[in-house]
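All values below were derived from every heavy atom in this structure, side-chain atoms included, with hydrogens, water molecules and symmetry-related copies excluded. A, B, ... follow the sequence lines: proteins, then strands. Residue 1 opens every chain.
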Amino acid sequence: MSETPIADGTTQRPERPERLSRRPRRLGRYVLPTYSWLVIAYLVFPIAVMVAYSFNRVTFGLQLVSFAWNGFTLQWYRQWSNVPGLTSAFWLTVRLALVSTIISTILGTLLAIALVRYRRRKFRGKGTIEQILFLNIAAPEIVIGASLLGLFVTFNLARGFLTLVLAHVAFSIAYVTVTVRARLAGFDRSLEEAAYDLGANPLSTFRRVTLPLIMPGVLAGALMALALSIDDFVTSNFVSGSSVPFPVWVYGASRVGTPPQVFVFGTVIFMVGIAFALLSLGISRKKS
Amino acid sequence: MTRGTVNAPRQSETPEEARTTSGAKATVRLEHVTKVFDDASAVDDLNLDVMEGEFFSLLGPSGCGKTTTLRMIAGLEDPSSGRIMLGGRDVTYMAPYHRDVNTVFQSYALFPHLDVYENIAFGLRRKKVDKAEVRRRVGRILEIVDLPDFERRRVNQLSGGQQQRIALARALVNEPTLLLLDEPMSALDAKLRHQMQIELKSIQSRVGITFLYVTHDQEEAMTMSDRLVVMRHGKIEGIGTPRDVYDNPTTEFVAKFLGASNLLAGVVAGRHDDVTTVTLDDGASLSVPTSRLPAGVTSTTVKVGVRPEKISIASSEKTSTPSRNTLRGRVRVSTFTGVGNQYLVEMPSGADITVYAQNIGEELAPRSGDEVLLSWPVEHTFAVRPTADLVEAEESEL
């Protein structure tokens, strides 16, 4: 701020214009935040209902969900394993998610590295592979599920855990690849050259330099694969056979009546998801 | 200037000759090394010896092939043809992680997920050096680069200058046969760069490792190097000690790239054992020591050169002396720069000659419009082959 000389020889800061401090707060600045909170409410409301009803008392008849509030109870958390089919379906889903996530993360990460590393000239069919990845993401799941069932029947492959893993890996790889590739796009190749230069062979370079640096992308891809696998219904319904994962079981049960334990499992899965999200947020905050 | 100083083989000599004349061992030898990218050659039949313990620079404008040469020595690029010897061993197609060479990258390429200590220890750990020894050597090298107590810092918390020292430490700690430096100063500001040049040179003499330094900055190369080559279009244009190459450039390109030069086109008029006479386009005649004519000049057209600081400027009444070359002209621009005066003197032909005169308070500085006599000793005159394809883009870069 410039200083204005006053007649008596002293200097004085010019007055800050009144208008600035008295300007009315404009309503415009509330529009976007309000809008955002409304959208969030829209997203969270169904989850809140599920969480709330996992604590709802059932007062009469069969132990099924009713949507009248009968009072708070922890009964369903205490009796979480009382519905036999549900518990085994839940554990099947957990095992399935872990196995398919590990496999699809490894395959998808390597694919992403290959796609980023090699120029079109050295990698024939690179463009085709990229198109197929896109198709894999864009294709309706009902098509994939139906065609996988056809394939498994043709090859006379018994429907069960194996076919579920094959199906889940198949639809997760593309998501992992896309996520890891985004991370690799900004990767400084000279870091790998520096590792070679310092005596690290390609394997050691990958383990000590490349992998740690793309790890955030790999973990994000893995989380995506995990989430996709846990709640997949359409494909699983086609290829599950006698091994029924959690979503398929819930769908079947909802036609006769949903036991409240379903909400308990749903709440637990949601909480684990939140824990993962907070953890990754914490890690990225600590790094920056 | 002597032509064949011990460590300064001329361009025309083959590596074998260099070896026999020098007696010192070559750390790196390039034999007919060529690198072709997409049908354009980046490095074209390069022959070069870098001697043990030398600070050697590859100097040239961008795209001259200096970085490609360095990358081939590091093993990060395969030559299209030719041979690379490192300490007497053929390493042409050896993987980079098997070569006893370390590099300071232009971007430093420090590992962002590791702290300073782990960055420096990276190479030693790959060689399975035992823990106590790693600790000792990392500590010592941090002392040398003057960053003790930085071991546990994250590399992205360091300033540009500090990162550069860590990159240097990470390479030096392995005590390689040869250290390659790829424009390591380009990201530093001018003041820091100056300071690091002096420091780098002193570190080099302390550790005694051969340095091969790539730069486009001629001042940097001259300040630090024992010897340097000037490269252009993948070929060597000049090689020798900085003084040798500066005082006795062999091509027009070198004369312009390394410092400032006044170059005047002319025709060889008379050739004698010690002095050759060249007649300029405007009729004036200059003497050039015959030994300083570029080797193999058969054509009669040459460019006669003299460095601006070698020229004395005097009022035109003075008479010329026979041991000096003289030219008459008129001062067009006179600029006071503090340490001296810079003049642009217009020749009768219309060409300008640049003159630097030091501010030692001796004589009255001529003013623009004054008729002056320029003179300089014959031995400070050189002649170069005109570089025919010196395109304008390059000119502006010089």
Side-chain angles (χ1 to χ4, degrees), chain A residues 105 109-110 112-113 116-124 126 179-223 279-288, chain B residues 37-38 67 70-77 94-115 118-129 134 154-157 163 166-176 178-184 187:
Chain A
T105 302
T109 300
L110 295 178
I113 291 172
V116 172
R117 179 128 321 165
Y118 300 107
R119 302 270 142 248
R120 224 160 264 255
R121 267 180 44 198
K122 282 193 177 172
F123 186 169
R124 275 175 175 275
K126 183 181 164 184
T179 317
V180 175
R181 192 169 57 170
R183 175 79 190 180
L184 272 168
F187 188 83
D188 181 5
R189 281 300 302 275
S190 71
L191 293 173
E192 288 179 340
E193 292 186 341
Y196 294 150
D197 189 72
L198 292 164
N201 61 32
L203 197 67
S204 168
T205 298
F206 180 75
R207 211 158 65 88
R208 310 216 171 255
V209 176
T210 317
L211 192 57
L213 287 171
I214 63 169
M215 203 36 118
V218 174
L219 286 181
L223 278 182
L279 195 72
S280 87
L281 192 73
I283 289 171
S284 64
R285 282 241 175 107
K286 196 182 146 203
K287 284 207 166 158
S288 63
Chain B
F37 287 117
D38 300 329
T67 296
L70 176 126
R71 288 175 59 82
M72 286 191 287
I73 297 171
L76 299 170
E77 212 83 67
M94 187 188 271
Y97 41 91
H98 289 139
R99 296 186 193 202
D100 191 15
V101 169
N102 289 112
T103 309
V104 179
F105 290 84
Q106 184 169 11
S107 61
Y108 310 144
L110 296 174
F111 304 126
H113 60 298
L114 301 177
D115 62 16
E118 285 304 321
N119 261 281
I120 298 176
F122 193 92
L124 298 175
R125 293 210 198 284
R126 301 289 83 74
K127 284 188 219 148
K128 312 262 184 263
V129 175
V134 171
R154 296 188 67 86
V155 294
N156 49 20
Q157 293 170 340
Q163 287 187 20
I166 299 305
L168 182 65
R170 183 179 70 175
L172 276 180
V173 78
N174 303 293
E175 290 164 18
L178 173 70
L179 185 76
L180 303 171
L181 301 105
D182 185 10
E183 308 223 14

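Within the 4.5 angstrom heavy-atom criterion, atoms from both the backbone and the side chain of B:N102 approach chain A. Within the 4.5 angstrom heavy-atom criterion, only backbone atoms of B:L110 (N, CA, C, O) approach chain A. Proximity to chain A is limited to the side chain of B:S107, based on heavy atoms less than 4.5 angstrom apart. When heavy atoms are compared at a cutoff of 4.5 Å, A:N201 approaches chain B by way of both its backbone and its side chain. The part of A:S204 that comes within reach of chain B is its side chain, from C-beta onward, which places non-hydrogen atoms under 4.5 angstrom from that chain.
Put simply, the side chain of B:F111 reaches to within 4.5 Å of the side chain of A:L198, judged on heavy atoms. Side-chain contact between B:R125 and A:R208: absent, with no pair of heavy atoms (C-beta onward) separated by less than 4.5 Å. Within the 4.5 Å cutoff, side-chain heavy atoms of A:D197 are placed close to those of B:F105. Side-chain contact between B:H113 and A:M215: absent, with no pair of heavy atoms (C-beta onward) separated by less than 4.5 Å.
Contact count against chain A (heavy-atom pairs under 4.5 Å) is highest for B:R170 among B:R170, B:H98, B:K127. Of all the listed residues (B:G75, B:A167, B:A74, B:P112), the one sharing the greatest number of non-hydrogen pairs under 4.5 Å with chain A is B:P112.
In B:F37, the CZ atom is crowded: over 12 heavy atoms of neighbouring residues, nucleotides or ligands sit closer than 6.0 Å.
One distance of note links OH of B:Y97 with CG of A:L203; it measures 10.0 Å at 0.5 Å rounding.
The two residues A:A200 and B:F122 have their closest heavy-atom pair at CB-CE2, 3.8 Å.
In terms of the salt bridge (Lys or Arg N to Asp or Glu O under 4.0 Å) criterion, residue partners of A:E192 (sequence neighbours excluded) are, by chain and number, A:R117, A:R189.
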